[in-house]
Number of protein chains: 2
Amino acid sequence: MSNVKVLPVLEPEMAPCCPPLSERPLTAEEAERTAVMFKALGDPVRLRLFSAVASHEGGEACVCDISDVGVSQPTVSHHLKKLKEAGLLSSERRGTWVYYRVEPAVLAAMGALLTKAASA
Amino acid sequence: MSNVKVLPVLEPEMAPCCPPLSERPLTAEEAERTAVMFKALGDPVRLRLFSAVASHEGGEACVCDISDVGVSQPTVSHHLKKLKEAGLLSSERRGTWVYYRVEPAVLAAMGALLTKAASA
DNA sequence: CACCTGATTCGACAGTCGTCAACATAGACA
DNA sequence: TGTCTATGTTGACGACTGTCGAATCAGGTG
């Protein structure tokens with residue numbers, strides 16, 4: 001969790017994981033990878049945490065700013081870890097606090113996946 | 001591509017469930033409703049079934065066309081029921097076979113939710 | 001150094017989920 | 001009517017998940 005990752009400007013494609021959804025049936029492997037991201041957003045607490053980070057000033061927030069979602073602090077940390085493992089968030093420690101920020105590329109890929117599916 | 005259903009011009013809002021994701025932190029109730037849809041797509045088998053329906057001819061498919069996803073037939077029926085309960089699919093019996101089709105409005109709402117979140 | 005605060009990890013528990021075999025239901029057809 | 005095929009439902013079981021308290025780690029401050 002020490003990677004200061006800047007925005008990837010020279011990214012070849014939007015997603016590392018997401019083939020279009022309504023073009024052709026997903027293979028087992030594709031579904032396995034894609035389901036991880038959807039599952040990460042499939043919990044109310046995680047959805048609130050993610051939304052809190054995404055809507056925060058500068059697209060990043062420390063844990064102390066988003067911890068009031070009705071569960072204990074270990075649970076918050078557990079959910080943030082899940083979101084990070086799914087590739088939706090990245091964390092960085094700055095002094096006392098740990099800051100989380102969204103991964104716009106993965107998110108855009110999921111959005112495009114659904115949008116294209118809806119237009120088909 | 002049958003033009004049975006034209007684009008809904010007078011549609012007040014795209015979704016019955018989905019507030020923007022990066023505009024403001026989701027409330028507990030909003031997160032609860034939205035998480036249901038993401039959770040429905042958070043399983044590999046359901047994702048394959050949904051993709052199979054969405055990519056099928058005319059946007060609909062009978063169960064017999066999409067049942068080869070590696071699980072038993074009752075499990076397929078169980079997952080299709082979950083997708084229907086989440087509002088992502090709708091079913092209709094025509095004679096012997098039951099046809100499933102995607103709900104484009106809900107899907108577009110999810111896509112917009114993520115796309116707007118990514119652009120923020 | 002000791003102490004405090006923020007955050008993660010550990011260990012445990014209840015609840016949910018995915019899966020299947022068995023059974024039930026719906027329609028077609030003879 | 002009966003039988004056959006296509007789906008859905010039920011019940012059960014193992015695995016996973018969300019949750020918490022307690023312990024631990026990381027950094028700042030006195």
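Every chain is numbered from 1 and lettered A, B, ... according to where its sequence line falls, protein lines coming before strand lines. Everything numeric in this text was worked out from a predicted model, so none of it was measured. Side chains included, hydrogens not; waters and symmetry mates left out as well; all remaining heavy atoms used.
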Practice item. For B:Y99, report the nucleic acid contact type (base, sugar-phosphate, nothing); a contact means any heavy atom under 4.0 Å. Key: nothing
Check your understanding: Which residues, if any, of residues 75-83 of chain B bring a heavy atom under 4.0 Å of DNA chain D?
Key -> B:S77, B:K81
Review point. Distance-only, no hydrogens or angles: does the A:T75 side chain make a donor-acceptor pair with backbone N or O of A:V71 under 3.5 Å?
Key: no
**Study point:** Listed once per pair and sorted, the disulfide (SG to SG under 2.5 Å) pairs that draw on residues 20-53 of chain A, sequence neighbours left out
**Key:** none
Check your understanding: Contact class for A:R94 vs. all strands (heavy atom < 4.0 Å): base, sugar-phosphate, or nothing?
Key -> nothing
Practice item. Would you give the length of the straight line joining atom OH of B:Y99 to atom CZ of B:R94, rounded to the nearest 0.5 angstrom? Key: 5.5 Å
Exercise for review: Just grab all the disulfide (SG to SG under 2.5 Å) pairs involving residues 19-57 of chain B, residues at least two apart or on different chains.
Suggested key: none
Exercise for review: Walk along DNA chain D from 5' to 3' and tell me the first and last nucleotide with an atom closer than 4.0 Å to a non-hydrogen atom of chain B.
Suggested key: D:dA6 to D:dT9
Practice item. Name all pairs fulfilling the disulfide (SG to SG under 2.5 Å) condition that reach into residues 36-108 of chain A, sequence neighbours left out, sorted by first residue then second. Key: A:C62-A:C64
Check your understanding: What's the CD-C1' distance between B:E92 and C:dG27, to the nearest Å?
Key -> 15 Å
Practice item. Before giving the answer on side chain to side chain contact (heavy atoms under 4.5 Å, CB included), spell out for B:L88 and B:V102 the whole-Å C-alpha distance, their side-chain angles and the decisive distance to 0.1 Å. Key: CA-CA 6 Å; B:L88 279 78; B:V102 303; over 6 Å; no
Point to revise | Residue mapping more 5' on DNA chain D - nearest nucleotide basis, A:D43 or B:W97 | key: B:W97
Exercise for review: Starting at CD of A:E103, measure out to OG of A:S90 and round the result to the nearest 0.5 Å.
Suggested key: 4.5 Å
Check your understanding: Where along residues 63-74 of chain B does a heavy atom fall under 4.0 Å from DNA chain D?
Key -> B:V63, B:C64, B:Q73, B:P74
Review point. Are B:F50 and B:V98 co-members of a hydrophobic cluster defined by side-chain heavy atoms under 4.5 Å apart?
Key: yes
Check your understanding: Between A:M110 and A:L41, is a side chain to side chain contact (heavy atoms under 4.5 Å, CB included) present by the stated rule, with each step listed?
Key -> CA-CA 11 Å; A:M110 292 179 67; A:L41 293 180; 4.1 Å; yes
**Study point:** B:E30 with B:R24: basic N within carboxylate O range, under 4.0 Å
**Key:** no
